[in-house]
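Take a look at the structure below.
Treat the numbers as computed from the prediction; the structure is a model and nothing was measured. Each chain gets a letter, A, B and so on, in the order the sequences are listed, and its residues count up from 1.
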Amino acid sequence: MGKGKPFLEVLSSAVHEDYRFPFLEVFAFLYAIGTFVFASFGVTITTQGGTNEVIATANEVIAYGLVSSILSLPLSIFIILVFKNIAYGLGSDLEKGIIQTYFSYPLRRRGILTAKLLSALGVALLLFLGIQISGLYILAPDIVLPQLGTVLLTYAASLSYPLLIAGIMLLMTLKLRRGGISLVFGLVLYFAMSIISGIATIFAIVTETPLYLQIISAISPSIVLQQYYGGLLGDFWAPAFSEVLLYTGVSYVIVAFVFFLGYTYFSRRLNL
Amino acid sequence: MKRWTTVLGRVGTVLIAISLALLLVSLIPQINLATSAGEMPVAPEQVYTTSYRVLTPQQGLGIKVTVEGTINVYFLELGVEESYPGVGMLFANVTELEEFLDANPDLVIWEYNLEDGYAERYYIPTKVMNITLVFHNPSSADAILDYEVTLTSTVAPGEKVRNIAYWTTPIGIILAIPWFLNSWKQRKQS
């Protein structure tokens, strides 16, 4: 038996557990509805040299505003699905000893974790992005296609922080071998970010220094992106496009590192 | 084989769920934001231009025109980024209009050459754009123009969304049927 078949076995088992009928269908329905209901083109279009020093062109700002508007509630729904999959999916497998059964398969440990993460994260991400980007294309093809780079960058920047928390939750679930606490911790961490970024914004505005926002942008690049396209926080920080790419890149390096730690722990140090 | 039936079946049920969402979205009624109507004479060789209006893909513009005489109606797209010389004062004469139309044929969304007739159209843009409506009397006689322009707000382009739902629903059902039958048989056996 090759390695492909046991991998598919673990993957199909994980998908079956993570997306019992009609979970997947309910989430697909909510994403589809949310894409149209929350879509908004009501952005203030200011051109270069305006009071807010917006560097992006008007169409880019429209594309950014549109994607940001449809991300509002559907992103929270996506996060709940991913957190549930990682915390409960992997946590219950560890608790019930199902992972031990997988260890008897002719498959490396990292292959098992990859199959579990493909199910927990990959399928959810595919469903979320597939429905949202298709919905955007139906709604405004002449905005989405010419500004596909902006659309994808907005998604990348917005998903970075949830993926980081997913990585932290993975580590916690592996360490504690149960999902309940890591799920609560993950949710708290996710909502804490909005409070922390609010406080950092106040500090940044009062002191007129972007340092606080720059630090947060390294783990949540949606802030630098918001400043680049909207310039809503003031004139003291006008990031260039290269800066946006840099912060997004750094945030994904951090995400990759956290997942690398998870893989290392699962492969070498997890004793069941 | 069974695994493929399950995968395709779940893809089918997801398609059905998305179709239901699209159908629901298409059923959300439009809101009438503004209506302007009027009747006016258009002198020979005169060009009459409406003011700019920014439209988004969640807004539709309906127009009904009744003409006594001869009038050309142009529905022009002027994007938010572009600016055209002379358009600020919008076609002071026929020559300006014709020059603009020759230079920018891609900006003409549609045009009607009406002679004692009636035309009706509803338009939803696919991007944020400025819309300008131009009436031109090319004849040497006076014409009477009776028009009604309606601006509506919509969640999504209803017809487009409904058509997609009509296509995806049967595909979803076809994909899901074998999986449903399989699950039903298994439940019956156990």
Side-chain angles (χ1 to χ4, degrees), chain A residues 5 8-9 11-13 15-16 18-43 45-48 57-63 65-66 69-70 74 123 126-127 130-132 134-147, chain B residues 2-7 9-28 54-59 77 79-83 106 109 124-130 153-165 167-168 172 176 179-180 182-184 187:
Chain A
K5 211 165 179 192
L8 281 179
E9 202 72 47
L11 179 64
S12 70
S13 163
V15 169
H16 182 73
D18 288 340
Y19 306 100
R20 284 181 178 277
F21 183 79
F23 262 101
L24 199 62
E25 289 73 11
V26 169
F27 279 94
F29 180 85
L30 291 174
Y31 292 155
I33 283 270
T35 302
F36 293 102
V37 170
F38 292 104
S40 166
F41 296 85
V43 287
I45 304 156
T46 46
T47 49
Q48 195 166 1
T57 63
N59 276 341
E60 283 176 343
V61 178
I62 292 168
L66 177 62
S69 66
I70 65 162
V123 175
L126 196 72
L127 188 76
I131 291 174
Q132 285 230 315
S134 307
L136 279 178
Y137 182 76
I138 293 168
L139 195 60
D142 289 334
I143 292 175
V144 174
L145 273 189
Q147 306 299 331
Chain B
K2 192 183 160 237
R3 191 170 288 158
W4 276 111
T5 310
T6 309
V7 170
R10 292 305 295 276
V11 170
T13 52
V14 166
L15 280 178
I16 294 169
I18 293 169
S19 307
L20 285 174
L22 293 180
L23 278 176
L24 194 64
V25 164
S26 75
L27 289 174
I28 297 172
V54 178
L55 278 188
T56 75
Q58 287 184 315
Q59 287 175 333
E77 176 217 326
V80 286
E81 270 186 296
E82 297 96 347
S83 62
D106 51 321
I109 296 167
I124 298 179
T126 51
K127 62 179 179 181
V128 178
M129 58 165 70
N130 279 332
S153 172
T154 173
V155 171
E159 204 180 319
K160 198 181 190 182
V161 166
R162 209 174 301 123
N163 282 337
I164 294 166
W167 278 99
T168 48
W179 177 68
F180 268 123
N182 226 351
S183 307
W184 185 64
R187 205 166 282 181

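- Among B:I28, B:T56, B:I124, the residue making the largest number of heavy-atom pairs under 4.5 Å with chain A is B:T56.
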**Request:** Give the C-alpha distance, both sets of side-chain angles, the deciding distance and a yes or no for side chain to side chain contact (heavy atoms under 4.5 Å, CB included) between A:L8 and B:R3.
**Result:** CA-CA 10 Å; A:L8 281 179; B:R3 191 170 288 158; 4.0 Å; yes

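- Residue A:L139 comes nearest to B:P157 through the heavy atom pair CD1-CD, 3.6 Å, listed as atom of the first residue, atom of the second, then distance.
- A:L127 touches chain B through its side chain: at least one heavy atom from C-beta onward sits under 4.5 Å away, while N, CA, C and O do not.
- Applying the ring-ring contact (aromatic ring centres under 6.0 Å, His included) rule to A:F36 yields no partners; only residues at least two apart in sequence or on another chain are considered.
- With a threshold of 4.5 angstrom between heavy atoms, A:F21 approaches chain B through its backbone and through its side chain.
- The side chain to side chain donor-acceptor pair (under 3.5 Å) test applied to B:E159 returns no partner, not counting sequence neighbours.
- Separating the CG atom in A:L66 from the NZ atom in B:K127 is a distance of 14.5 Å, to the nearest 0.5 Å.
- Between A:E25 and B:V14, the closest heavy-atom pair is CG-N, 4.0 Å.
- For A:I143, the parts sitting under 4.5 Å from any heavy atom of chain B are the backbone and the side chain alike.
- Heavy atoms only, all atoms of each residue included: B:Q58 and A:S40 are closest at OE1-CA, 4.0 Å.
- Shown here for B:L24 and A:I33, the closest heavy-atom pair between the two residues is CD2-CD1, 3.5 Å.
- Contacts between B:L20 and chain A at a heavy-atom distance below 4.5 Å involve backbone atoms as well as side-chain atoms.
- When B:T13, B:V7, B:V25, B:L15 are compared by the number of non-hydrogen pairs under 4.5 Å with chain A, B:T13 comes out ahead.
- Within a 6.0 Å radius of OH in A:Y137, other residues, nucleotides and ligands contribute 12 heavy atoms or fewer.
- Heavy-atom minimum distance, B:A17 versus A:F29: O-CD1, 3.3 Å.
- Within the 3.5 Å criterion, the main-chain N or O of A:Y19 finds a donor-acceptor partner in the side chain of B:R10.
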